[in-house]
Asker: 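Let me give you the structure first, and then I'll get to my questions.
The chain is numbered in sequence order, starting from 1. Side-chain atoms are counted along with the backbone in the values below, which use heavy atoms only and exclude waters and symmetry mates.
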Amino acid sequence: MTCRYVVALVLALLALSCLLRRQDIVELGQQLAAGEVQWKTSSVASSLSSLTASPWSSSSLKTNLDNSSLAYQAIEFVQSRKTAHHAAGFNYAHWRLRGVGYLLEQHGMVLAAEVPTSSSEVNIVGENTFITIRDVSTYTKDKKKWTAEECSKFFIWVRVRGGEIFAGQAPTADATTITSAGHVCVWRYEFQPSVSGLYHVDAKIIQYNGNQPHTPDMKCVVNNTDTDAGRAGLQNIIDEYPLHAGWKGFKLYYPAVACCEICTRMEGCRAWSSPPFNIAPSQLHTVTNGCELYYDKSTAVEIIPRSHLHGNLSMSLMQELQAPNASLIQKTVNYIFGRPHRQIPAMNFVGCGWSNWFTLDFPCVSGELGDMVFMQNNSFAVLPQRSTDSLQQSPWELESKLPLCELDEELNSSGRWVRGTVPPECQEITFDPKRTKFSIVEWDGAHPHCWHRDDLARVGQGCFEINCRLIDPESKYMSPMRDETPIWYGKWMPRRCRYLELTDVQLQKCIDARQIVSFNREGRSISEFLDEYVTQRIGYVKPFNGTSKGAFAILSTKALLHLMSLSDEELAETLRNLPNVTESRQYFIVGGFFLSSERETYADAERMKTVNDMLKKEITTKGYQYLSAYDLSAAFTYDTAAQFDGMHIIGPPMKALITKYFHFLCKDVI
């Protein structure tokens with residue numbers, strides 16, 4: 001690459017910066033000059049095509065609607081996101097991949113949430129309260145008659161935050177609602193507040209069709225080009241499907257699995273290969289080597305995604321091919337290739353959280369608004385009870401009267417986060433200088449409850465992994481909860497029982513009684529993060545040093561995130577083959593978190609729920625002790641995930657897990 005060419009492209013890059021929405025232009029310019037990123041201006045220009053390919057118009061969607069109605073304003077909101085998408089320089093294919101654009105263009109849906117009004121007599125402490133979400137689109141042409149089963153394929157996250165915080169998936173209603181537009185989907189999130197005051201609601205679409213079984217049909221046959229037959233096979237695909245497009249991806253840990261799955265999800269995709277064409281071998285990386293997708297000749301060009309970031313991965317049209325197809329294949333690169341798998345319809349991750357292939361090439365214009373369920377007003381008041389009922393007491397006052405939690409609580413977790421007033425002894429907030437991976441509040445061995453305080457604004461800011469620093473800040477979601485108070489103070493409270501919070505003296509007594517000589521961890525990155533909290537906690541006590549052999553306390557995640565792509569049969573067999581726990585082991589397994597991302601293929605919230613159920617079924621008879629993480633992490637899946645990755649959910653949820661760990665380890669001996 002000549003200096004003149006580099007300068008010209010850098011200038012072009014700067015001119016297009018407002019469209020490409022990159023704040024770190026200098027860094028990308030340096031990468032460009034170093035040959036790490038290549039641009040083809042014709043590809044960038046092609047991404048500026050209009051969004052007129054959409055079959056849905058604002059006027060058709062709002063026919064006969066009052067402009068003050070929820071439906072009208074929800075449709076206006078979606079149209080405003082479409083306009084913002086266009087203004088950012090993204091094309092129609094990009095718009096229909098994620099969030100509200102995906103719902104509108106691929107399902108004809110516009111979602112809106114109905115929040116209880118503050119004057120409602122049913123918004124009273126102790127009464128069941130509902131957030132209702134429905135499809136308010138009025139477009140009737142070819143409108144599908146949705147069934148409750150079909151509606152359940154849409155995974156919607158809801159959080160209600162006030163004196164208590166409730167969060168989780170909004171289940172579909174028992175039946176669809178019949179309107180002038182036909183049978184439409186309805187979801188209803190139910191909660192029971194025990195603290196009066198003002199509450200706010202957040203809701204986001206995360207995925208579609210994630211509750212399907214994982215069968216052997218989801219496996220792809222993978223070929224490679226290390227033989228003449230392999231090279232001929234890829235050439236046959238190129239000849240058969242000259243309409244193809246490539247992109248580099250974000251974190252494709254297993255390109256064969258990722259490219260196969262992505263091709264299966266994409267309309268018109270008939271084959272895939274990896275890495276994409278036009279990437280020099282020196283630029284390839286095992287995590288970001290991307291995919292080339294081959295489309296049926298009848299596929300509309302407007303729906304084929306083209307990366308706005310990596311311009312060299314431009315779409316190849318039949319009439320645009322400048323040289324024989326064979327020239328696309330670099331002899332020094334061993335390509336893998338194959339066809340989509342056979343399980344149709346496939347799952348789709350459509351939220352604005354981290355995605356193994358969307359995040360850099362197809363970002364959300366706004367992480368806050370891109371996948372948001374519309375609400376006219378997202379706040380309401382919960383009124384106190386009129387009687388002098390026990391519900392008038394705060395959960396903090398009632399907690400001491402509850403029995404200690406048994407392990408059955410973990411198998412059927414039922415709780416919520418409860419905020420509290422910071423006690424005088426916990427007012428000062430300092431961070432442990434020994435914890436360098438991320439910020440953790442100092443431990444106070446005499447006042448264990450002070451561990452519940454935190455500065456949420458500090459959580460998740462670091463970047464540990466490749467490409468994290470290149471993510472557009474606007475595509476991240478950081479809710480107001482991070483900045484609501486200078487100091488967060490709250491904890492996870494089950495409704496039926498309570499957890500012990502141990503002082504250093506009590507923990508030392510437990511270690512001696514259990515004769516624990518070592519605290520060990522097992523797993524991958526989630527385990528490493530948990531170990532930061534365990535290491536801090538045991539840094540003020542000593543292991544047992546008696547004359548007997550001693551016992552081991554083990555906290556494991558079983559690397560569940562790395563088992564998600566297994567079929568249900570393979571996963572069940574893997575779990576069944578776990579050995580029984582020996583007498584010298586206190587062995588705890590942490591279940592999977594509530595994920596708001598798809599960092600790896602199939603590593604999503606719906607799949608994790610299934611994996612957790614399988615894990616609980618298989619391990620309880622083998623002596624393992626299960627710690628539930630799914631429900632308690634739902635409220636913080638966006639706000640305290642490290643790097644905002646929707647997976648490594650640190651802060652209050654991990655502290656709650658460590659509290660539970662020591663509770664079950666020690667409750668019978670102190």
Side-chain angles (χ1 to χ4, degrees), residues 404-405 407 410 425-426 429-454 459 491-492 498-559 581-591 624-629 632 640 642 648-670:
L404 296 180
C405 292
L407 279 169
E410 301 305 297
E425 65 272 19
C426 305
I429 185 168
T430 58
F431 291 87
D432 190 341
K434 297 177 183 178
R435 310 273 68 82
T436 58
K437 189 181 262 316
F438 47 83
S439 296
I440 302 179
V441 172
E442 285 266 26
W443 170 255
D444 182 343
H447 304 101
H449 56 279
C450 290
W451 211 34
H452 300 310
R453 71 196 191 285
D454 218 324
V459 180
K491 68 177 181 178
W492 176 257
R498 63 185 173 90
Y499 298 113
L500 286 172
E501 297 176 80
L502 306 179
T503 65
D504 288 346
V505 173
Q506 291 173 315
L507 181 56
Q508 186 66 64
K509 181 180 178 181
C510 167
I511 290 172
D512 294 339
R514 291 286 191 192
Q515 299 185 1
I516 296 172
V517 296
S518 178
F519 286 88
N520 299 336
R521 72 171 179 87
E522 182 183 81
R524 300 281 288 274
S525 57
I526 299 291
S527 176
E528 292 176 10
F529 284 36
L530 284 165
D531 195 54
E532 288 287 305
Y533 293 93
V534 174
T535 301
Q536 182 196 47
R537 187 68 181 83
I538 64 175
Y540 301 90
V541 294
K542 297 179 180 180
F544 176 72
N545 61 356
T547 56
S548 61
K549 188 175 181 180
F552 297 87
I554 302 168
L555 187 64
S556 173
T557 62
K558 286 301 175 189
V581 177
T582 61
E583 188 176 347
S584 63
R585 302 288 195 271
Q586 291 286 334
Y587 206 125
F588 294 84
I589 297 181
V590 176
Y624 297 95
Q625 302 177 72
Y626 179 80
L627 299 178
S628 176
L632 66 80
T640 70
H648 297 93
I649 306 169
I650 57 177
M654 279 202 174
K655 291 180 184 179
L657 284 168
I658 302 308
T659 297
K660 294 201 290 185
Y661 174 44
F662 286 116
H663 164 85
F664 288 114
L665 182 66
C666 300
K667 72 180 182 66
D668 295 330
V669 296
I670 61 170

Asker: Using distance alone, with no hydrogens and no angle criterion, decide if E501 and Q506 have a side-chain donor and acceptor under 3.5 Å apart.
Answerer: no
Asker: Taking C-beta and beyond as the side chain, do F519 and L665 meet within less than 4.5 Å on heavy atoms?
Answerer: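 When only atoms from C-beta onward are counted, L665 and F519 do touch, with a gap below 4.5 Å.
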Asker: Does NZ in K509 sit with more than 12 non-hydrogen atoms of other residues, nucleotides or ligands closer than 6.0 Å?
Answerer: no
Asker: Run the side-chain contact (heavy atoms from CB on, under 4.5 Å) test on V590 and Y661 for me, step by step, so that the C-alpha distance in whole Å, both residues' side-chain angles and the decisive distance to 0.1 Å come before the verdict.
Answerer: CA-CA 9 Å; V590 176; Y661 174 44; over 6 Å; no
Asker: Please confirm whether the backbone N or O of I589 pairs with a side-chain atom of S556, one donor and one acceptor, at under 3.5 Å?
Answerer: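 Side chain of S556 to backbone of I589: no pair is present.
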Asker: Whether D531 and R537 form a salt bridge (side-chain N of Lys/Arg under 4.0 Å from carboxylate O of Asp/Glu) is what I want to check.
Answerer: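 Salt bridge absent between R537 and D531.
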Asker: What side-chain donor-acceptor pairs closer than 3.5 Å can you find for residues 433-442, not counting sequence neighbours?
Answerer:
from, atom 1, to, atom 2, distance (Å)
R435, NE, E532, OE1, 3.4
S439, OG, R458, NH2, 3.0

Asker: When rounded to the nearest 0.5 angstrom, what distance separates CD1 in I511 from CG in L502?
Answerer: 9.5 Å
Asker: With rounding to the nearest 0.5 angstrom, report the OH to CZ distance, Y587 to F552.
Answerer: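 Answer rounded to 0.5 Å: 13.0 Å.
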Asker: In Å and rounded to the nearest 0.5 Å, what is the CD1 to OG distance from I538 to S518?
Answerer: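 That separation rounds to 7.5 Å.
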Asker: So do V669 and R514 actually touch side chain to side chain, heavy atoms under 4.5 Å?
Answerer: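 In contact.
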Asker: To the nearest 0.5 Å, what is the distance between CD on E410 and CZ on F588?
Answerer: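 Taking CD in E410 and CZ in F588, the distance rounds to 10.0 Å.
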Asker: Identify the heavy atoms of G445 and P448 that sit nearest to each other, and give their distance.
Answerer: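 Taking G445 first and P448 second, the nearest heavy atoms are O-CD, 4.3 Å.
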Asker: Is there a donor-acceptor pair under 3.5 Å between the side chain of Y533 and the backbone N or O of G651?
Answerer: yes
Asker: Is there a side-chain contact (heavy atoms from CB on, under 4.5 Å) between I554 and V581? Walk through the geometry before answering.
Answerer: CA-CA 11 Å; I554 302 168; V581 177; over 6 Å; no
Asker: Taking K655 for the side chain and R453 for the main chain, is one N or O donor matched with an acceptor at less than 3.5 Å?
Answerer: yes
Asker: When you compare the side chain of F664 with that of L627, does any pair of heavy atoms fall below 4.5 Å?
Answerer: yes
Asker: When you measure from the side chain of Q515 to the backbone of F544, do you find a donor-acceptor pair of N or O atoms at a distance under 3.5 Å?
Answerer: no
Asker: From D668 CG over to H663 NE2, what is the distance, rounded to the nearest 0.5 angstrom?
Answerer: 8.5 Å
Asker: Kindly give the heavy-atom pair with the smallest separation between S584 and G550, and that separation in Å.
Answerer: CB-O, 4.2 Å
Asker: Taking all non-hydrogen atoms of both residues, which atom of A629 and which atom of G591 are closest, and how far apart?
Answerer: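 Here A629 and G591 meet closest at CB-O, 3.4 Å.
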Asker: Heavy atoms, side chains only, cut-off 4.5 Å: are M654 and I526 in contact?
Answerer: yes
Asker: Do H648 and S525 pass the side-chain contact (heavy atoms from CB on, under 4.5 Å) test, and can you show the C-alpha distance, the side-chain angles, and the key distance before you say yes or no?
Answerer: CA-CA 8 Å; H648 297 93; S525 57; 2.6 Å; yes
Asker: Can you tell me how far apart NZ (K558) and OG (S527) are? Round to the nearest 0.5 Å.
Answerer: 10.5 Å
Asker: Are K660 and C405 packed together at the side-chain level, in the sense that at least one heavy-atom pair is separated by less than 4.5 angstrom?
Answerer: no
Asker: Looking only at heavy atoms, what is the nearest atom pair of W492 and A656, with distance?
Answerer: CB-CB, 4.1 Å
Asker: Looking only at non-hydrogen atoms, find the nearest pair between L507 and C666 and report the distance.
Answerer: CD1-SG, 4.0 Å
Asker: I want to check something: taking the side chain as every heavy atom from C-beta on, are E425 and H449 in contact at a cut-off of under 4.5 Å?
Answerer: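 In contact.
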Asker: Which atom pair, heavy atoms only, marks the closest approach of T640 to P652?
Answerer: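 So the two residues come closest at CG2-CD, 4.2 Å.
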